[in-house]
Protein chains: 2
Amino acid sequence: MATIKDIAQYTGLSITTVSIVLNGKGARISKEAIKRIEEAKKILNYEPNMLASSLRKGSTNIIGIVVSDLHPYFIRLAQLIERDIAQYGYQVLIVGSDESDEKCEAMIDNFINFRVAGMVLAVTSGLKQRIVRLNKQRIPFVMIDRYFKGVTANVVLLDNFRSAYNAVDFLIKKGRTRIATFHYDTQMHHMQDRMDGYKAALKDNGIRFNKKLAPTISFSEANAIEINGMIKEMVEVYGADAIFFQTNRAALPGIDAIFNLHYKVPEQLAILCFHDNDFFKLVKPSITAQCQPLEELAKECVNILLSEIKGELKSKVRRVFPATILNERDST
Amino acid sequence: MATIKDIAQYTGLSITTVSIVLNGKGARISKEAIKRIEEAKKILNYEPNMLASSLRKGSTNIIGIVVSDLHPYFIRLAQLIERDIAQYGYQVLIVGSDESDEKCEAMIDNFINFRVAGMVLAVTSGLKQRIVRLNKQRIPFVMIDRYFKGVTANVVLLDNFRSAYNAVDFLIKKGRTRIATFHYDTQMHHMQDRMDGYKAALKDNGIRFNKKLAPTISFSEANAIEINGMIKEMVEVYGADAIFFQTNRAALPGIDAIFNLHYKVPEQLAILCFHDNDFFKLVKPSITAQCQPLEELAKECVNILLSEIKGELKSKVRRVFPATILNERDST
DNA sequence: ATGAAAGCGCTAACAC
DNA sequence: GTGTTAGCGCTTTCAT
């Protein structure tokens, strides 16, 4: 593949001149030289080698995003981040770890090895030590949605406690008293916050927390058969009159189960999901869900990242975004 | 950030020795040296610089995937490709062009600038010349799903003609005679193939093609209001008794419209989609859709890419995958 | 078993 | 306006 050296030889100019022109800093170079260089570039099918230029410059213009899963929520977030940060000349690359600690860590390492300018991380639960080490490595990064207690780092997240609280409170105000949910077998604080919000809303409304209405399931995978059985038990044995799905990974098989069991929604059983989805308005009855302030999350990520890259950030930032609005539909 | 030079200084060994050990080729290096190097690596928080090593080696281990849109179909495909090609030591990076020619071309350029080992491309319609140039640049790549007539390149795709043919034939066998669809305003051959399959199935069953039942809409964006109006006209003016959605971008607002218009599905109007979606079985009535041989597509992509990278491919390959199976549900 | 040195393609400080 | 040169961090050939 052609190099600037080839262009220099072809045009009879020096490497420097070629480099200056190719980088658009050709103000002080003669029109004649510029023309010849542009011509040679086309003819030789020149493609700049970012490995070389980034190595030399000591940095890339890439922002690496590692998310736990490539679901629509994170894809959308990445697109918003991309849109915002493109103005500053950065490109965005997104990878998904499938909730695997090993993959997540490997992906972070890969980004570092490629000397990305910064990272946005929605990490898996086992990454605490890696995040601590990231700080030592002085690499600009922002955690998103997920964080670790006792670890100082920039973090941007939803108010998971408040969102869950509001959701459950909403159901109670609608007259529901036996609100079921799934408890996830994870150490991730964002999930614990949601569970705490659920419990707090019950308590503030004088309803006792009932463990039978919050059975534990796997966070990283949804076993449809297991979920089906649990829902049947919640409703038929423990009299659940509403289900609050904290994740869509469980909501999809869950809603499928509810429909197959032919419970009357919302009369017998109300449904409310933490995250919205395009299809929730298509389903009959349509599903009530919360909608997240993704734009603000993205904007804040970009702000923090840019300050961190420029070295303007004196101390780490923690931003929590207000509880989410409810898209009320037929299921509640 | 620490370099191998730092490790060399710290351990008192040479750069060469450190490099050999860090690359796991330390068979001929003393245990003692290896131990000291591993230790220094931890203490100094060393991270290899891929920019430098790739520059030196002349290649990266990255496979770049550019897709027209980050929807579930391509995400899934990318995951399958990743799984298959990881065994050969490659990593996968996926980006979406949002059906924009400029972004698509810029993303390909970026990958080339980073000297990816190969690319998988589902390009936008204006990229014909760029693909021609890619061939000249001798970069290993495989086109997927989308291709250009008259351009020699590796391509792996669904049998779009056959799939559409089978879908429409299926509807006819079910007794439908006035099958509507949307015609897309794009030059992409994969879409034209689908349209041709639609027409051929009608013809083979003795049904005349009716332009009123195949109005033209934008390929890259779905205007819900426009689609709503068109469906109303198809059904109420031109008596459509079935709709074949060739893309899910149109299917989502389309199905929404059908439900809102309260047509009886499938009695009055049958629905069939080219691509499946997790939610199609949740919707009432559930939506019949085709399912694509994604595993095979991914596997073939990987095979071709690996051969191309190794330089084993004598001539370009074109692989068309058999018509897709139908997931029959309540909407037909 | 270990080291010296060249060079991958590029940028930038400096010289003319 | 244009050229010379050093060096980014690494791998690899060739010595020792």
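Letters go in sequence order (proteins before strands), and every chain restarts at 1.
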Under a 3.5 Å cutoff, is there a donor and acceptor pairing between the side chains of B:S54 and B:R115? no
Does D:dT2 have its OP1 or OP2 closer than 4.0 Å to a side-chain nitrogen or oxygen of A:S30? yes
In this structure, how many angstroms lie between the P atom of C:dC10 and the CZ atom of B:F114, rounded? 13 Å
Cation-pi check for B:Y147 against B:R318: NZ or CZ below 6.0 Å from the six-membered ring centre and within 45 degrees of the axis, yes or no? yes
Among C:dC10, D:dC10, D:dT4, the one nearest A:T3 by side-chain distance: C:dC10
Can a donor-acceptor pair be found, under 3.5 Å and without considering hydrogens, that links the side chain of B:T11 to the backbone of B:I7? yes
Are B:E82 and B:R76 ion-paired here, with the side-chain N under 4.0 Å from a carboxylate O? no
Name the closest nucleotide to the B:S14 side chain, picking from D:dT2, C:dG9, C:dG3. C:dG3
Bend across the helix from C:dA1-D:dT16 to C:dC16-D:dG1, to 10°, with axes taken over 5 pairs at each end? 40°
Between B:L55 (CG) and C:dG7 (P), how many Å, whole number? 14 Å
Provide, to the nearest angstrom, the distance between the CD atom belonging to B:Q9 and the P atom belonging to D:dG9. 12 Å
Interatomic distance, B:K5 NZ vs C:dA4 C1' [rounded to whole Å]: 14 Å
What's the CG-C1' distance between A:D6 and C:dC10, to the nearest Å? 13 Å
A:H190 NE2 to A:I144 CD1 distance, which is reported to the nearest 0.5 Å: 11.5 Å
Spacing of B:I37 atom CD1 relative to D:dC10 atom P, expressed in whole Å: 13 Å
Going by an N to O cut-off under 4.0 Å, is there a salt bridge joining A:D109 and A:R130? yes
Please tabulate, one pair per line, all N/O donor-acceptor pairs under 3.5 Å involving side-chain atoms of residues 19-30 of chain B, not counting sequence neighbours.
unit_1, atom_1, unit_2, atom_2, d
B:S19, OG, B:N23, ND2, 3.4
B:N23, ND2, B:S19, O, 2.8
B:S30, OG, B:A33, N, 3.2

Does one side chain, of A:Y73 or A:D145, offer a donor that lies under 3.5 Å from an acceptor on the other? yes
Nearest whole Å is fine: how far is C:dT2 C1' from B:E32 CD? 14 Å
From B:L158 atom CG to B:E296 atom CD, the distance as rounded to the nearest 0.5 Å: 10.5 Å
Would you kindly give the CZ-to-P distance between A:R115 and D:dG9, to the nearest whole Å? 9 Å
Determine, for nucleotides 11-16 of chain C in 5'-to-3' order, which nucleotides have protein heavy atoms under 4.0 Å from the base (write B), from only the sugar-phosphate (write S), or from neither (write -). BBB---
